[in-house]
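Read the numbers this way: they start at 1 and go in the same order the structure lists the ligands and their atoms. We're numbering straight along the sequence, starting at 1. Computed from a predicted structure; not experimentally measured.
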Amino acid sequence: MSRAVCPGSFDPVTRGHLDVITRAAQLFDEVIVAVGANVAKNALFAPDERVAMLTEACAGVTGVRVALFDGLLVNFCRDAGARTIVKGLRFAADFDYEQPMAQMNRTLSGVDTVFLPSAPEWAYVSSSLVREVAALGGDVADFLPETVAAETVRRMLLRRMPSA
Ligand code: PNS
C-alpha cells in the first residue's frame with residue numbers, strides 16, 4: 001500500500017491546497033494531510049481548527065485523512081509508515097524554498113519528496129495573500145472552501161477590530 005504525507009501550515013486551507021491533495025490522492029492509496037502544529041507564531045487559526053477545516057474540506061476525497069504533527073516531519077512520516085512527501089509547486093521560488101527541505105528530509109530519513117505543479121488557476125493563491133486580502137476587506141470567496149472563507153473574513157475583522 002502506498003502512503004504519502006502532504007504537509008503544510010494550512011492557515012487557512014486554500015483551493016490550491018485542495019487541488020494538490022486531491023491529485024495526490026489519485027497517485028497514492030492513502031494521503032495523510034499533516035498540519036504543522038507550531039509552524040506560525042501568529043497563526044490566524046489554532047492547530048485544531050486547521051485540522052477541523054481540512055477534515056471538512058477533504059471529506060469527499062477518498063483515501064485522505066488529516067492529522068496534526070509537531071517536531072520533525074520525517075519523524076511523523078516514519079511513525080505513519082509513509083515513504084513519500086507530496087508538495088505543490090506554484091512557481092520557481094517555491095522550488096528554491098522546497099528543494100533544500102526535500103534534500104534534508106531524504107538525507108535524514110530516506111523519505112523522498114514528490115512535487116506536483118499547481119493548477120494554473122491557483123498558481124498565485126497563498127494562505128498569506130488570502131489573509132491579507134481578507135484583512136483589507138477584499139472578497140476571498142473564490143480562493144477558499146466556502147465555510148473557511150466565511151470564518152477567515154470573520155477572524156480578520158476581529159483582528160482589526162477586537163471589539164467587533
Ligand atoms: O505550508 P508551509 O508553511 O510551507 O509548511 C511548512 C512545513 C510545515 C511543511 C515545514 O515547515 C515543515 O516540514 N515543518 C516541520 C519541521 C521540520 O521537519 N523541519 C525540517 C525541514 S527539512
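Residue Val31 forms a side-chain contact (heavy atoms from CB on, under 4.5 Å) with just one option from Val66, Val86, Val64, Thr84, and that option is Val64.
Taking the six-membered ring where tryptophan is involved, the planes of Tyr124 and Phe143 are perpendicular, since the angle between them exceeds 60° and thus also 30°.
The residue from Leu73, Leu108, Leu72 that puts a heavy atom closest to atom 13 (O) of ligand 1 is Leu73. Comparing Lys87, Met101, Gln103 by heavy-atom distance to atom 9 (C) of ligand 1, the nearest is Lys87.
Near Gly71, meaning under 4.0 Å from one of its heavy atoms, ligand 1 places the atoms 15 (C), 16 (C). Interface of Met104 with ligand 1, defined as ligand atoms under 4.0 Å from a residue heavy atom, comprises 22 (S).
Of the protein's heavy atoms, Val39 CG1, 3.3 Å lies nearest to atom 8 (C) of ligand 1. Nearest non-hydrogen protein atom to atom 3 (O) of ligand 1 is Ser9 OG, 2.5 Å.
The local environment of CD in Glu151 is crowded, with over 12 non-hydrogen atoms from other residues, nucleotides or ligands closer than 6.0 Å.
Considering both main-chain and side-chain atoms, Phe69 never comes within under 3.5 Å of ligand 1 through any nitrogen or oxygen pair. Where the criterion is an N or O separation shorter than 3.5 Å, residue side chain and backbone included, Asn105 fails it with respect to ligand 1.
Judged as a side-chain hydrogen bond (donor to acceptor under 3.5 Å, both in side chains), not a single pair has a partner in residues 135-150 (not counting sequence neighbours).
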### Task
Tell me, with the steps shown, if Arg155 and Glu49 meet salt bridge (Lys or Arg N to Asp or Glu O under 4.0 Å).
CA-CA 12 Å; Arg155 289 291 172 95; Glu49 292 176 317; 2.4 Å; yes

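Salt-bridge formation is detected for the pair Asp19/Arg23: a Lys NZ or Arg NE/NH1/NH2 atom is positioned less than 4.0 Å from an Asp or Glu carboxylate oxygen.
When distances from atom 16 (C) of ligand 1 to the protein are checked, a heavy atom turns up under 4.0 Å.
Considering only residues two or more places apart in sequence or on other chains, Leu68 meets the side-chain contact (heavy atoms from CB on, under 4.5 Å) condition with Val35, Ala37, Pro47, Val51.
Within the 4.0 Å heavy-atom cutoff, Gly36 does not count among the residues contacting ligand 1.
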